[in-house]
Amino acid sequence: MSTPAFTLTAGPVAASPRVLAALGAQIEYDYDPIFLERFRATQRKVAQIFRTEGDVVIMQGEAVLGLEAAALGVVTPETTVLNLVNGVYSKWFGERLARQGATVIEHAVPYDSAVDPADVEALLRAHPEVGVVAVCHCETPSGTLNPIAEIGPLAHAAGALVICDVVSSLGGTDVRVDEWGLDLCVAGPQKCLASAPGLSMVTVSERAWQAMRENPAAPRRAYASLLDWQSAWEEEGRFPYTPSVTDIVGLEAACDEVLQTGLEAVIARHEHAARAARAGIRAGGLRPWASSEEIAASCVTSIALPDGVEEAQLRTLCRDRYGVVISGAQGELVGKLVRIGHMGIASTSLYPLVGVAAVVGAMGDLGVPVDVGAASAATLAALTGAPAAASAR
Ligand SMILES: *Cc1c(COP(=O)(O)O)cnc(C)c1O
């Protein structure tokens, strides 16, 4: 089977030449001064992207490790968690917390919607026992964004810690850890930063460290221990276990690329790409899955599947006939939508046009009444900023 020409997925995604070159460099010894300095520098660069002056722990496993470490660190069987659910990841996280013994108050909204901060405020007032609020910033499987800028301060006002999954939003959407009072934020390199999967970047606020220190069940001498990283690496300058050196080199290159382009410009580029894709999808006769423009993600565009279209068949057509790999759905969304990713290089140049043309084209191949020409024109107009009527839809 040949390698597809375009990978426009929801992660892992294609990397830039600079990141690829970094990932292909000679493997470094973890205690060589070059790598020790690189690890510290990478922590600082990641902190800049998170917009935090606080601590960043880089854990050596896929982002789920960071999410588990955050949960195990501050949630005990005595903790009541308000879990905000609007998609597959937030639902999974609540189930994970419940298995850990926590009392989980689930506030769920439909998977094409976002959580309303007014509801969060009311729930926190009704449940003063809530010690942790868990929220997913970008529900990648649905392509929707939650208003964490408002939810963070509400949780803090109620005296609760915030655990926030920003895995797919970091680098593609504004994330302000300190300003918004997000205690534990988890990201990975394989989404908008566009390096290889295999690491978790976790921000930890002073309040979160304190909660972890006071939690006798917080992992110690364990792979998922944030405290081990703090005491070994920050206090003694040694690694609790061998870091994934090559992944760190890739992550540093990805951060350099973002910071040299400018974080704001990179975020704006992702938003611009997603807006153009949505304009094209609508002009072509299809419907974005997200219930409104305001909550639509910038890292991925989810497209509602018309009746009778089989998801796997559509994706196979995109890959085999057009050379474009897109993402399907996850969990209970399977069969309802497909997704075009805009992460990293996929948010540059004409990549969104490629994604829209492939999806709308393949829909047409399957007999759906679509207009590939209108879809392409609208995407192009939105990408180039040309004042075409289609871009205003
Ligand atoms: C990608 C992603 C993760 C990491 O999970 P995987 O399923 O292992 O890729 C976690 N949360 C969100 C919101 C993600 O997009």
Side-chain angles (χ1 to χ4, degrees), residues 8 10-11 13-19 22 41-54 56 58 114 135-140 143-153 162 164-182 185-195 201-203 205 250-279 290 293-301 340-352 379 382-386 391:
L8 304 181
V13 298
S16 69
R18 177 179 184 169
V19 171
T42 306
Q43 282 180 298
R44 285 195 296 274
K45 290 167 188 175
V46 171
Q48 263 181 281
I49 296 176
F50 271 118
R51 298 186 193 273
T52 182
E53 304 281 318
V56 170
I58 305 179
V135 60
C136 182
H137 189 197
C138 176
E139 264 292 355
T140 329
T144 53
L145 280 174
N146 274 313
I148 56 168
E150 291 162 76
I151 292 169
V162 183
C164 191
D165 175 342
V166 299
V167 177
S168 66
S169 55
L170 190 75
T173 308
D174 212 13
V175 175
R176 296 173 181 267
V177 168
D178 291 357
E179 204 178 311
W180 299 344
L182 308 171
C185 277
V186 182
Q190 78 271 31
K191 303 286 171 83
C192 290
L193 300 182
S195 187
M201 297 92 82
V202 187
T203 68
S205 71
L251 174 60
E252 185 182 31
C255 289
D256 284 341
E257 203 155 46
V258 167
L259 294 170
Q260 282 162 20
T261 307
L263 179 56
E264 254 143 52
V266 171
I267 290 170
R269 191 184 77 206
H270 282 84
E271 289 170 346
H272 184 68
R275 210 177 299 118
R278 293 195 299 277
E293 275 291 289
E294 291 68 45
I295 66 157
S298 55
C299 63
V300 69
T301 294
I340 301 172
H342 312 294
M343 299 170 178
I345 55 174
S347 60
T348 64
S349 185
L350 296 184
Y351 283 98
T379 311
L383 281 175
T384 56
S391 67

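All figures in this text were calculated on a predicted structure; none of them were measured in a lab. Residue numbers count from 1 along this sequence.
- Here Arg18 contributes atom CZ and Ile345 contributes atom CD1; the two are 14.0 Å apart, rounded to the nearest 0.5 Å.
- Of the inter-residue distances, the one linking Lys191 atom NZ with His270 atom NE2 reads 12.0 Å to the nearest 0.5 angstrom.
- A heavy-atom distance below 4.5 Å is not found between the side chains of His272 and Ser347.
- Across Cys138, Cys185, Pro153, Cys164, a single residue satisfies side chain to side chain contact (heavy atoms under 4.5 Å, CB included) together with Ile148, and that is Cys164.
- Using a 4.5 Å heavy-atom threshold, the side chains of Asp178 and Glu53 count as touching.
- In this structure, the side chain of Thr261 does not engage the main chain of Val266 through any donor-acceptor pair within 3.5 Å.
- Atom CD of Glu264 is surrounded by 12 or fewer heavy atoms from other residues, nucleotides or ligands within 6.0 Å.
- Remark: Val13 pairs with Thr9, Ala194, Met343 by the side-chain contact (heavy atoms from CB on, under 4.5 Å) rule, at least two apart or across chains.
- Between the side chain of His137 and the backbone N or O of Leu145, no donor-acceptor pair lies under 3.5 Å.
- Scanning all heavy atoms of the two residues, the minimum distance from Ala254 to Ser195 falls at CB-CB, 4.0 Å.
- Of the possible donor and acceptor atoms, none in the side chain of Arg269 sits under 3.5 Å from a partner among the backbone N and O of Gly172.
- Residues Ile49 and Cys255 approach most closely at CD1-SG, 3.8 Å, considering heavy atoms.
- Every pair passing salt bridge (charged side-chain N to carboxylate O under 4.0 Å, His left out) that includes a residue from residues 165-175 is listed here, sequence neighbours excluded: Arg51-Asp174, Asp174-Arg176.
- Ser349 meets the side-chain contact (heavy atoms from CB on, under 4.5 Å) test with no other residue; sequence neighbours excluded.
- Of all heavy-atom pairs spanning Cys136 and Asn146, the tightest one is O-ND2, 2.9 Å.
- Contacts of Phe50 classified as ring pair (Phe, Tyr, Trp, His ring centres under 6.0 Å), with partners at least two apart in sequence or in another chain: none.
- Between Ser168 and the choices Thr140, Val300, Thr173, the side chain to side chain contact (heavy atoms under 4.5 Å, CB included) rule is met once, by Thr140.
- The CH2 atom of Trp180 sits 11.0 Å away from the CD1 atom of Ile151 when rounded to the nearest 0.5 Å.
- With a 4.5 Å cut-off on side-chain heavy atoms, Val135 and Val162 count as touching.
- The side-chain contact (heavy atoms from CB on, under 4.5 Å) check on Gln43 picks up Phe39, Arg40, Ile58, Trp233, Glu234, with sequence neighbours excluded.
- Contact detail for Leu170 and Cys192: the closest heavy-atom pair is O-CB, 3.3 Å.
- For Glu271, the side-chain contact (heavy atoms from CB on, under 4.5 Å) partners at least two apart in sequence or on another chain are Ile267, Arg275, Ser298.
- Shortest non-hydrogen contact noted between Gly250 and Val19 is O-CG1, 4.1 Å.
- In terms of heavy atoms, Gly188 sits closest to Val167 at N-CG1, 4.0 Å.
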